[in-house]
Amino acid sequence: MTKFLDYYALIILILFIIYNFILDELLIMGLLYKTIMILIIIVNMIILIIFRKKIKYKNILIIYCLTSLFTKNIMQYLFAFSNIIILCIIGFKENKIIKTFSIFYGIFIAFCWLPLLFALFILFGINLDEDKNINHIYSDMHYYCDNNYEAYAYSTGFMDGFSYSIGKYYDILIINDIINIVYRERNENTLEEYTDFIENNNCKLVGVDNGFK
């Protein structure tokens, strides 16, 4: 147990990176996911505070800072953000690097919170658990095809034009809005490849309304 607490912050960071970046094609959504994430955030904060003297590697908060805006959804961002704040607080007096980072990070949040909120809205949308890549899919250009393929057009920002993807899609567990676990590949394809694939495969349009899915 002592060894686990020593490396607790590092273990949690590794799990965070695995889910958000190594397993980036695995998506988990729904009310149950949001509830579990809220509990994880609260329990994680409590553990960090209670066992602050035993926990090592508090300066990994810098990694959370560098990766937080690239997470899958807003719940994962909130988990990263909560770790940054708590690790800043409990490590402020222990480490000069953390102290310096905490001061500059606090100044940044104080003066840039409004642009940060705007950036979060652009990146993740308003849904707490929906993957940001899904938010950028155009529903009137989104098709499900035979053999668990999907093809769609998407945009990664206001200044970005159309991009296209053809990849595998699997429903692993779907229980209405309670819990949805899916596997979705995103590949870079050309407009010609996208069009040819839809024309030469049995594809059905997912949405008929203009805008983002």
Hey, quick one: are [X] and [Y] part of the same hydrophobic cluster, counting side-chain heavy atoms closer than 4.5 Å, chains of contacts allowed?
X: I85; Y: I107; result: no
X: Y194; Y: F197; result: no
X: L15; Y: M45; result: yes
X: I14; Y: V43; result: yes
X: I103; Y: I109; result: no

(request) Identify, with sequence neighbours excluded, every residue that meets side chain to side chain contact (heavy atoms under 4.5 Å, CB included) alongside K3. (result)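 K3 satisfies side chain to side chain contact (heavy atoms under 4.5 Å, CB included) with D6, Y7 once adjacent residues are dropped.
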(request) Could you list the residues that satisfy side chain to side chain contact (heavy atoms under 4.5 Å, CB included) with I98, not counting sequence neighbours? (result)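 K58, N59, L61, N95, S102.
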(request) Measure across S139 and L205 and return the closest heavy-atom pair with its distance rounded to 0.1 Å. (result)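 Closest heavy-atom pair between S139 and L205: O-CD1, 4.1 Å.
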(request) Work out which heavy atom in Y105 is nearest to a heavy atom in I84; give both atom names and the distance. (result)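 Taking Y105 first and I84 second, the nearest heavy atoms are CE2-CG2, 3.5 Å.
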Are side-chain heavy atoms of [X] and [Y] found at a separation under 4.5 Å?
X: L27; Y: I181; result: no
X: I137; Y: R186; result: yes
X: I50; Y: I47; result: no
X: Y149; Y: N201; result: no
X: L32; Y: I175; result: no
X: I179; Y: I28; result: yes
X: M75; Y: I38; result: yes

With a 3.5 Å cut-off and no angle check, do the side chains of [X] and [Y] form a donor-acceptor pair?
X: R184; Y: Y152; result: no
X: Y8; Y: N44; result: yes
X: Y183; Y: E185; result: yes

With distance as the sole test, does [X] use its side chain to make a donor-acceptor pair with the main-chain N or O of [Y] at under 3.5 Å?
X: S82; Y: F79; value: yes
X: E193; Y: T190; value: yes
X: N20; Y: K72; value: yes
X: N148; Y: Y170; value: no
X: S165; Y: N187; value: yes
X: K168; Y: N147; value: yes

What distance separates [X] [atom1] from [Y] [atom2], expressed to the nearest 0.5 Å?
X: Y33; Y: I40; atom1: OH; atom2: CD1; value: 8.0 Å
X: I55; Y: E94; atom1: CD1; atom2: CD; value: 10.0 Å
X: L31; Y: I178; atom1: CG; atom2: CD1; value: 7.5 Å
X: L78; Y: N83; atom1: CG; atom2: CG; value: 11.5 Å
X: L116; Y: L120; atom1: CG; atom2: CG; value: 4.5 Å
X: L87; Y: C65; atom1: CG; atom2: SG; value: 12.0 Å

(request) Output, in order, the C-alpha distance, side-chain angles, deciding distance and verdict of side-chain hydrogen bond (donor to acceptor under 3.5 Å, both in side chains) for D171 and Y169. (result) CA-CA 7 Å; D171 290 329; Y169 179 92; 3.1 Å; yes
(message) One pair to check against side chain to side chain contact (heavy atoms under 4.5 Å, CB included): F101 and C88. What are the steps and the verdict?
(response) CA-CA 8 Å; F101 174 87; C88 279; 3.9 Å; yes
(request) Could you tell me whether Y138 and F162 have their ring centroids closer than 6.0 angstrom? (result)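 Yes, close enough.
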(request) Check whether the ring centres of F16 and Y64 lie less than 6.0 Å apart, and answer yes or no. (result)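 That pair passes the under 6.0 Å test.
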(message) As a quick check of understanding, evaluate side chain to side chain contact (heavy atoms under 4.5 Å, CB included) for V182 and I172, giving each step before the final call.
(response) CA-CA 5 Å; V182 301; I172 298 173; 5.9 Å; no
(message) Does I97 have more than 12 heavy atoms from other residues, nucleotides or ligands lying within 6.0 Å of its CD1?
(response)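 Atom CD1 in I97 is not crowded, with 12 or fewer foreign heavy atoms closer than 6.0 Å.
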(message) Taking the six-membered ring of F92 as reference, does the cationic atom of K99 (NZ for Lys, CZ for Arg) lie under 6.0 Å from its centre and within 45° of its axis?
(response)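 Pair K99/F92 counts as cation-pi.
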(request) Take M141 and Y164 through the test side chain to side chain contact (heavy atoms under 4.5 Å, CB included) and record every step on the way to the result. (result) CA-CA 9 Å; M141 301 178 73; Y164 303 91; 4.1 Å; yes
(request) Apply side chain to side chain contact (heavy atoms under 4.5 Å, CB included) to the pair C203 and Y144, showing each step before the final yes or no. (result) CA-CA 5 Å; C203 297; Y144 284 152; over 6 Å; no
